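The sequence lines fix the lettering, A, B, ..., with proteins before strands; numbering per chain opens at 1. These numbers were taken from a predicted model, which means no experiment stands behind them. FYI, side chains are in, hydrogens and waters are out, and symmetry mates aren't considered; it's all heavy atoms of this structure.
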Amino acid sequence: MNEDGSPAGAARQVRVLAEAVAEIEGAAGAAAPRWVWASADSAYAPLLPVRVGRCHDLALVEALLCAHEGWFGAPRSLGAAWARLKGLPVPEDLPASADSGDQESLFAPDRLQLPPGVDALTAVVAVHADQVRRIAAIADAGQRNRFKLLVAAESAGGLVAAEMAYDGLPWRVDVHNALLTELLGPRPQIPGAIPQRLAELTVRLQEALGARPFNPDSHTQVIKAFGEAGLRLTSTRSWVVREIDHPAAEILIRYKELSRLHAAHGWAWQDAWVRGGRFRPEYVVGGVVSGRWAGRGGGALQIPRILRGAVVADPGWCLVVADAAQLEPRVLAALSRDAGLARTAAGGDLYEALAAAAFRGERDKAKLGLLGAMYGQTSGDIGPLLATLRRQYPAAMGYVEAAARTGEEGGIVRSVLGRPCPPPSAEWMDRAEQGRQDQAAEPDGVRDWAAARDGGRDGEGDAVGRSTRARGRFTRNFVIQSSASDWALVLLAMLRRRLTALEESASGRPHLVFFQHDEIIVHAPRDAAEAVVAAITASADEATRLVFGDTPVRLPMVPVVVDAYAEAK
DNA sequence: ATCTGGCACCTG
DNA sequence: CTCGCAGGTGCCAGAT
């Protein structure tokens with residue numbers, strides 16, 4: 001298709017789609033096409049391992065556009081987009097299906113949610129043309145070409161997510177098993193049975209309390225058993241339990257640690273999610289409102305540190321692990337164009353530089369203050385730190401405070417590339433309206449709307465203030481988290497392109513195997529490690545330029561070449 | 001028997 | 001991990 005969305009050539013029928021796609025990609029060289037499809041899940045996943053260079057993902061882009069147009073969480077299937085275009089009733093999205101996708105599913109009309117009789121190709125062409133028009137309208141409205149960059153990066157994210165789900169994260173079952181056996185005892189013969197070590201700890205816990213048998217997984221029973229032993233426990237949070245000076249507390253803590261490992265990442269988890277030496281989670285691009293990815297199944301985004309020793313490169317290969325250092329404060333410096341804060345973010349340790357400039361060298365205070373400013377913290381001894389920051393970095397603090405104010409007033413904020421935050425709920429708006437009326441009714445009440453957030457009032461007014469402040473903290477943090485996510489997504493897209501351009505060695509080509517907010521892992525043949533390191537740092541610089549333009553702020557990505565993920569930090 | 005909310009704890 | 005943002009998953013307990 002042409003850039004304006006019109007068809008660039010005649011439709012043709014192919015017998016084996018994957019072969020045809022590979023042929024077109026291989027022959028096109030630099031002029032490789034941008035594939036337009038309903039979604040990577042439906043169209044790209046079945047083609048793998050055939051790779052494409054770039055795409056326009058109608059579902060991901062539809063979601064971005066609808067959100068930008070004020071309809072958050074709108075159905076995003078091809079059929080839904082088509083229905084909006086034609087003024088038809090819009091079908092809800094189908095729940096995510098776990099099917100691995102055969103060739104048929106590409107054009108299966110029921111997956112695409114198109115009305116009977118509507119040809120998929122016709123719908124793709126029409127919806128794409130419409131999206132191109134809507135994107136151009138946003139660019140015209142003053143977002144320059146940044147939203148277009150977001151659309152391209154989000155689509156590229158769809159490719160990466162599908163590829164990583166296909167390739168999987170290298171996972172050594174033997175290392176994982178050795179760890180489980182060491183900590184929990186041998187794997188129970190009967191599936192679902194309680195491992196030896198957990199059973200022992202349960203008995204020891206009961207003995208230490210002099211209690212009848214109870215279930216240590218039950219908060220109610222634990223609190224009751226401790227109570228009967230004369231130990232007051234208000235909750236079973238581990239940091240609460242740790243305060244208690246009694247042998248039973250220690251045993252319970254240990255039980256909870258091991259029980260969690262067993263339940264969340266034990267043998268059952270391994271059976272379900274690890275196949276052929278690969279952990280295969282699904283990634284949900286844009287699954288978090290801020291644009292961060294979510295995971296589906298297996299807890300891809302919460303691999304506990306203790307298990308990272310099981311993530312090991314194949315023989316002859318290595319892992320290049322890279323994470324963005326102090327990403328969010330650097331993003332704030334770039335976003336707000338605060339000259340002073342930018343200076344602290346131009347080099348190595350941002351907090352160190354901040355401490356030297358404003359906190360008499362006290363790094364802890366510098367870090368605490370800046371994090372508190374970004375999250376909207378009010379409690380603790382943070383007041384003086386915030387005051388210092390406000391005085392020294394008025395532009396940066398003004399930026400987050402303006403975002404908070406917009407949220408408190410019920411408004412919408414956006415990421416640097418134009419991804420909007422969700423509007424407040426109807427309930428929130430009702431509460432806010434109630435708060436306004438209460439205030440107007442007060443004879444000597446402060447008329448200023450913002451007074452609601454200062455609390456100090458009882459009952460109803462307090463609840464209004466709380467929810468108002470919560471919304472402010474959300475939008476305050478949203479501008480930073482979502483812009484950081486924009487940057488990471490663009491970096492991912494740039495890196496994918498650079499990795500594809502690397503020469504394929506005898507053992508294969510480096511590929512992305514993990515992405516978690518501001519951290520990536522590339523699995524690479526050993527002799528390609530240096531090239532991958534260079535590709536990562538170059539991609540970070542490129543992403544900074546594309547997303548933030550001309551800024552003195554550095555957003556460094558720090559790569560480390562290792563055999564196992566656990567060695568990386 | 002199945003669903004849902006609360007709790008707890010893992011990640012950035 | 002209490003203080004302040006964003007998530008996922010598993011378990012229990014109570015409701016349906």
Side-chain angles (χ1 to χ4, degrees), chain A residues 96 192 194 198 214-224 233-243 252-253 255-266 268-269 272-273 281-308 322-329 331-332 367-383 385-386 400 403-404 407 413 415 419 421-422 466 469-485 487-488 514-521 565 569:
Chain A
I194 295 174
L198 289 179
F214 67 96
N215 180 358
D217 287 324
S218 162
H219 313 144
T220 325
Q221 292 177 38
V222 168
I223 289 169
K224 184 160 162 278
L233 203 55
T234 50
S235 90
T236 61
R237 286 182 181 89
S238 46
W239 60 268
V240 171
V241 176
R242 245 182 271 275
E243 311 250 298
L252 180 59
I253 296 288
Y255 175 87
K256 284 160 75 73
E257 284 168 3
L258 296 182
S259 164
R260 163 133 196 122
L261 176 67
H262 176 244
H265 288 98
W269 175 87
W273 297 104
E282 281 180 73
Y283 297 92
V284 185
V285 177
V288 180
V289 290
S290 63
R292 268 147 65 135
W293 291 11
R296 183 166 48 221
L301 274 48
Q302 27 184 133
I303 302 171
R305 288 177 176 277
I306 190 174
L307 282 186
R308 292 183 181 184
D323 79 325
Q326 305 162 332
L327 180 58
E328 297 199 342
V331 163
L332 172 58
K367 183 175 177 177
L368 198 67
L370 198 48
L371 288 173
M374 291 190 298
Y375 290 143
Q377 186 178 340
T378 52
S379 63
D381 300 329
I382 201 166
L385 304 183
L386 293 180
V400 288
V413 294
S415 75
R419 188 192 304 266
C421 77
R466 257 203 307 280
R469 287 190 298 273
R471 174 82 191 164
R473 285 194 301 272
F474 170 65
T475 50
R476 172 194 293 265
N477 185 254
F478 184 92
V479 291
I480 298 172
Q481 187 184 116
S482 64
S483 299
S485 142
W487 178 83
F514 191 62
F515 172 55
Q516 183 179 29
H517 312 321
D518 62 355
E519 183 178 16
I520 52 148
I521 303 181
Y565 187 17
K569 180 163 73 159

Anything under 3.5 Å between a protein N or O and an N or O of nucleotides 13-15 of chain C, put it in a table, one pair a line.
unit_1, atom_1, unit_2, atom_2, d
C:dA13, OP1, A:S218, OG, 2.3

>> Distance check needed: B:dC9 P versus A:I306 CD1, whole Å only.
In response: 15 Å
> Counting any heavy atom closer than 4.0 Å, what does A:L327 reach on the DNA or RNA strands: base, sugar-phosphate only, or nothing?
Replying inline: nothing
> Which one, B:dG12, C:dC12, C:dT9, comes nearest to the side chain of A:E519?
Replying inline: B:dG12
>> In whole Å, I'd like the distance from the CZ atom of A:R305 to the P atom of B:dC9.
In response: 18 Å
> Nearest-Å distance, CG (A:L301) to P (C:dT9)?
Replying inline: 10 Å
> Is A:S485 reaching over with its side chain to a backbone N or O of A:Q481, donor-acceptor style, under 3.5 angstrom?
Replying inline: no
>> Taking the minimum atom-to-atom distance to the side chain of A:K256, which one of B:dC10, B:dA8, C:dG8 wins?
In response: B:dA8
>> Rounding to an integer number of angstrom, what distance separates C:dT2 and B:dC7 when you compare their P atoms?
In response: 15 Å
> Hey, are the side chains of A:Y565 and A:L307 touching, using non-hydrogen atoms and a 4.5 Å cut-off?
Replying inline: no
>> Suppose we screen for side-chain hydrogen bond (donor to acceptor under 3.5 Å, both in side chains). Which residues come up paired with A:R242, at least two apart in sequence or across chains?
In response: none
>> For A:A373, is there any backbone N or O sitting under 3.5 Å from a side-chain donor or acceptor partner on A:R476?
In response: yes
> A:I480 has an atom CD1; how far is it from atom P of B:dG12, in whole Å?
Replying inline: 19 Å
>> Under 4.0 Å, counting only non-hydrogen atoms across every strand here, what does A:R476 touch: a base, just sugar-phosphate, or nothing?
In response: nothing
>> Can you identify which nucleotide, out of B:dA8, C:dC12, B:dC10, has its nearest atom closest to the A:T236 side chain?
In response: B:dA8
> Which is true for A:R237 with a 4.0 Å heavy-atom rule: it touches a base, it touches only sugar-phosphate, or it touches nothing?
Replying inline: sugar-phosphate
> Quantified in whole Å, what is the P atom distance between nucleotide C:dC5 and nucleotide C:dC1?
Replying inline: 14 Å
> Is the side chain of A:W269 donor-acceptor paired with the backbone N or O of A:A263 at a distance under 3.5 Å, no angle test?
Replying inline: no
> How long is the line joining NE2 of A:H265 and P of B:dC9, in whole Å?
Replying inline: 16 Å
> Is A:E282 reaching over with its side chain to a backbone N or O of A:R296, donor-acceptor style, under 3.5 angstrom?
Replying inline: no
> Just how far, in rounded Å, is C1' of C:dG10 from CH2 of A:W273?
Replying inline: 14 Å
>> Expressed as a whole number of angstroms, how long is the span from A:D217:CG to B:dG6:C1'?
In response: 15 Å
> Which whole-number value in Å describes the distance from A:R260 CZ to C:dC12 P?
Replying inline: 14 Å
>> What contact category does A:S259 fall into here, base, sugar-phosphate, or nothing, at under 4.0 angstrom with non-hydrogen atoms?
In response: nothing
>> Looking at A:K367, I want to see if its NZ is surrounded by more than 12 non-hydrogen atoms of other residues, nucleotides or ligands under 6.0 Å.
In response: no
> Around A:I194, counting heavy atoms of other residues, nucleotides and ligands shown, do more than 12 lie under 6.0 Å from its CD1?
Replying inline: no
>> Closer than 3.5 angstrom, by distance alone: can the side chain of A:K256 be matched with the main-chain N or O of A:T236 as a donor-acceptor pair?
In response: yes
> Once each nucleotide of nucleotides 1-6 of chain C is scored for protein heavy atoms under 4.0 Å, what B/S/- sequence comes out, 5' to 3'?
Replying inline: SBBBBB
> Between A:P422 and A:F478, which heavy-atom pair has the shortest distance, and what is it?
Replying inline: CD-CE1, 4.4 Å
> Looking for any heavy atom pair under 4.0 Å, which part of the strands does A:G287 touch: base, sugar-phosphate only, or nothing?
Replying inline: nothing
> Can a donor-acceptor pair under 3.5 Å be found between the side-chain atoms of A:Q302 and the base atoms of C:dG8?
Replying inline: yes
